Amino acid sequence: MDFFEAAEGPEPQFTSGINFEEELNEEQYAAVTAPFGPSLVLAGAGSGKTRTLTYRVAWLLDQGVDPSAILLLTFTNKAAREMLDRVADLTGVSSKLFWGGTFHHIGQRLLRRFGGPVGVNPGFNILDQSDSESLLSDVIRRVDPKFLKDKNNPKPKVIANLISYARNTLEDVGVMARERYPYPANLGPDIGRFAAAYEKEKRKQDVADYDDLLELWLKLLKTDPSFLHYCTQKFDQVLVDEYQDTNRLQAAIVDTIGSHHRVMAVGDDSQCIYTWRGAELNNIMTFPDRHPGGNIFKIETNYRSTPQILSFANSVLDGHTGGGFRKELRAVRPDGNKPILVSTVDTTQQAEFVIRTISQMVDNGRSYGDIVILYRAHFQAMDLQMELSRTGIPFQITSGVRFFEQAHVKDIVAQIRFVANPRDITAFLRFAGLLPKVGPRTAEKLYAFIVDFAEKNQQNFFDVLGAKAVVAKVPAPARDDWESLATTLRDCYHAAHDESPDEVVRLAVEGWYGTYLRTLYPNWKSREEDLTGVVGFASRFEELSELLAQLILLNSEASDRSIEPGEETIRLTTIHQSKGLEFPVVFILGLADGMFPLNRAVEEGNLDEETRLFYVSVTRAQDELFLSYPMVQSQGGPPRRLQPSRFLSSVRPDYYEAVRYRSSW
DNA sequence: ACGGAACTATTTTTT
DNA sequence: ATAGTTCCGT
């Protein structure tokens with residue numbers, strides 16, 4: 001059959017065997033089969049955006065495009081993985097053949113190979129947010145020791161934020177500082193100096209922060225013609241997911257790499273919710289201008305929600321003042337219940353309402369896994385959390401502290417980082433600071449001494465750690481620990497050169513830190529298991545630098561990993577984290593003015609974004625949507641009366657059912 | 001001057 | 001739960 005035919009023909013061209021016309025609706029089909037050249041796909045919530053993108057990739061393959069010529073850029077690791085897996089499922093082409101991943105991840109990969117001209121070596125380390133903040137803090141202290149002493153001046157964290165925002169929006173740091181901090185004096189020049197010194201320090205230590213992965217990538221494209229040529233040649237087809245949330249830096253990268261205009265941008269301007277970290281709604285609005293001659297595809301058929309939920313969602317956007325592409329989701333599902341708006345006395349009663357309703361639904365055959373509870377900010381779910389644990393309903397929170405961000409994981413990672421790149425002082429400071437009587441200052445001096453001592457004796461850094469002269473510089477109470485640490489570091493260093501990455505991690509985990517861990521935490525057992533998990537994770541990698549990059553860039557692995565497949569549990573999560581997900585039953589908490597929209601957002605005039613956030617939250621729901629708000633805010637200061645969220649004023653009253661919760665519910 | 005303990009306030013969102 | 005802050009002891 002196939003066997004004979006395949007043997008005869010010339011080089012068989014890849015065919016997926018997919019009947020595109022049959023498997024897609026008209027709108028999707030048009031976008032999937034769009035001609036090469038620029039296209040903007042406006043895919044509404046629940047309209048099969050991921051499906052469209054994956055089929056587009058399959059279609060490109062059918063047109064003879066080589067998998068390695070396809071660059072697929074996403075926002076989160078989760079989205080990247082999902083997309084690549086689905087493409088692999090659909091076409092049978094291994095996801096390894098594509099260039100797919102987050103902007104940061106792709107940037108990292110390219111910089112490791114080609115970053116020389118912009119000053120990074122292949123083995124550079126990546127700093128996460130807290131690392132880069134502490135490095136900046138050190139730099140500020142060195143450039144201007146008095147600056148942080150003055151309490152009127154912004155804190156390092158705030159400055160770090162400002163610098164990062166400026167870099168992501170391609171603004172001048174000094175100018176931005178002047179606009180945001182006109183008091184006590186114009187800090188523009190100061191912050192400009194800090195930013196410059198910070199840049200220099202990173203290059204010196206051969207480290208890169210998150211923003212560098214994008215910024216240096218763009219710089220390389222702009223300054224190295226051969227790299228630009230390489231990229232535009234190699235990435236014949238560029239696809240960008242969640243385009244509405246790209247910032248100016250990312251858009252510049254896409255525009256440069258995609259100067260051949262074979263770019264497909266997919267997104268939904270109504271779902272842009274990251275302007276606070278530099279997302280530029282204008283990117284999607286002006287895409288047709290920057291990539292002229294293309295097509296705009298609208299996909300507005302919604303397969304997710306009932307007509308009742310959709311009418312509600314559509315009218316949320318009526319109150320939206322910002323100009324966007326006109327779009328109206330069409331429902332295809334049969335009728336369901338209207339969304340229900342419930343007012344409760346306070347947040348405690350709100351929790352009671354949620355729990356009772358859930359119990360009732362579960363009695364009627366719903367499973368816990370069908371239910372998600374959404375809120376604007378994590379602390380708004382505190383009451384509910386307590387009530388849930390009291391009643392024993394299984395729940396999972398996807399919240400702040402992630403797996404790779406936990407202290408013990410970061411401690412181990414710091415040691416591996418340092419072994420991989422001994423210029424990474426931030427890493428050294430982290431684990432050295434764990435020793436008794438050793439803080440940042442002592443650690444810094446110690447580091448300088450060891451570097452100096454090693455150089456004088458023509459020896460390797462790691463081989464002199466146990467030398468008498470070095471030990472003498474360690475504070476007396478820390479000496480025992482130091483010797484053990486020194487041995488571990490030396491072992492790891494040598495293993496890094498001739499063993500696999502997981503062996504390096506194993507040595508670190510079983511070395512000094514393993515013992516130290518037991519003395520530090522009462523729950524050392526479970527933390528130890530976490531670290532064993534990291535060893536297991538490491539075995540997936542062949543290159544130490546690749547492992548480290550993943551450890552730092554894969555922040556979100558945690559949340560997914562903690563939910564076992566088949567485990568039935570309610571999910572509690574912020575609206576931001578719910579983007580792209582869908583659930584049969586959705587609760588939205590705290591729908592009162594001041595809570596959602598947040599007071600802060602109202603004051604800063606970010607109402608449009610809050611409205612989009614509300615839109616995102618209601619469009620997560622498939623069958624049932626419950627909105628609730630407390631009438632009195634009892635926490636944090638004197639009790640205050642709360643009004644229902646202003647979002648509701650743009651929704652026709654007959655689109656939802658308003659009820660008042662009573663304990664007899 | 002530094003490190004550490006004790007205290008206090010404070011929680012948006014992510015690579 | 002954690003970060004930031006303040007204060008005290010070395």
Side-chain angles (χ1 to χ4, degrees), chain A residues 73-80 101-108 126-134 137 141 145 148-149 151 155-158 161 164-165 167-168 208-215 217 242 245-247 249-250 272-279 374-382 385 397-402 404-407 432-445 475-478 523 549-559 573-580 590 595-601 604 606 609-610 612-613 616-617 635-637:
Chain A
L73 293 164
T74 64
F75 252 80
T76 61
N77 294 298
K78 211 168 108 189
T102 62
F103 279 88
H104 293 85
H105 186 228
I106 302 288
Q108 180 264 140
I126 303 172
L127 303 181
D128 72 7
Q129 186 167 321
S130 66
D131 291 327
S132 62
E133 278 167 14
S134 71
S137 176
R141 234 183 301 275
L148 293 175
K149 296 258 158 58
K151 295 296 170 222
K155 312 251 173 304
K157 203 178 169 146
V158 177
N161 243 313
S164 172
Y165 189 86
R167 295 168 71 196
N168 279 290
D209 62 18
Y210 284 143
D211 301 332
D212 281 325
L213 301 180
L214 306 179
E215 203 178 40
W217 181 9
E242 305 280 14
D245 279 319
T246 51
N247 57 41
L249 181 51
Q250 288 163 325
C272 170
I273 54 175
Y274 284 105
T275 59
W276 51 270
R277 64 168 212 219
L374 303 177
Y375 35 82
R376 178 66 237 267
H378 274 297
F379 72 92
Q380 293 173 341
M382 293 258 263
Q385 253 179 77
I397 309 176
T398 33
S399 77
V401 188
R402 295 161 213 302
F404 292 125
E405 278 173 6
Q406 291 176 63
L434 298 172
L435 304 178
K437 293 289 160 193
V438 181
R441 290 302 133 91
T442 314
E444 217 169 317
K445 284 178 195 159
N523 63 345
Q550 292 292 359
L551 283 171
I552 320 259
L553 293 175
L554 261 190
N555 277 336
S556 56
E557 190 88 344
S559 36
T573 178
T574 62
I575 297 166
H576 281 92
Q577 288 179 328
S578 75
K579 187 159 92 160
M595 299 177 92
F596 190 18
L598 277 181
N599 263 332
R600 186 150 134 208
E604 290 171 7
N606 298 330
E609 175 135 330
E610 296 282 306
R612 293 193 294 264
L613 208 43
V616 168
S617 64
Q635 285 172 320

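Remember, predicted model here, so these are calculated numbers, not experimental data.
Atom CG in Asn161(A) sits about 14 Å away from atom P in dT14(B), given to the nearest Å. One interatomic measurement links the two molecules: OH of Tyr375(A) to P of dT13(B), which rounds to 9 Å at whole-angstrom precision. What separates OH of Tyr165(A) from P of dT15(B) is a distance of 18 Å, to the nearest Å. The separation between Ile273(A) atom CD1 and dT13(B) atom C1' is 8 Å, rounded to whole Å. Between the C1' atom of dA1(B) and the CD atom of Glu444(A) lies a distance of 14 Å, rounded to the nearest Å. Atom CG in Asn168(A) sits roughly 15 Å away from atom P in dT14(B) (whole-Å rounding). Atom pair Leu598(A):CG and dT10(B):P shows a separation of 16 Å (rounding to whole Å applied). Taking atom CE of residue Met595(A) and atom C1' of nucleotide dT13(B), one finds them 16 Å apart after rounding to whole Å.
For Gln577(A), taking side-chain heavy atoms from C-beta onward, the closest of the listed nucleotides dG3(B), dT13(B), dT15(B) is dT13(B). Distance from the side chain of Tyr274(A) is smallest to dT13(B) among dT13(B), dC2(B), dT15(B).
In this view, Tyr274(A) and Trp276(A), His576(A) satisfy the ring pair (Phe, Tyr, Trp, His ring centres under 6.0 Å) rule, not counting sequence neighbours. Checked against ring pair (Phe, Tyr, Trp, His ring centres under 6.0 Å), Phe596(A) has the following partners two or more places apart in sequence or in another chain: Phe614(A), Phe647(A).
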Annotated protein contacts, base or backbone, on nucleotides 4-10 of chain C with a non-hydrogen cut-off under 4.0 Å, one of B, S, - each: SS-----
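Taking 4.0 angstrom as the limit, Thr442(A) places a side-chain polar atom (N or O) nearer than this to OP1 or OP2 of dG3(B). Contact annotation: Arg441(A) side-chain N/O to dC2(B) OP1/OP2 distance is under 4.0 Å.
The heavy-atom pair separating Gln380(A) from Met595(A) by the smallest distance is NE2-O, 3.1 Å.
The aromatic ring of Trp276(A) sits over the base of dT13(B), with ring centres less than 5.5 Å apart and planes inclined by under 30°.
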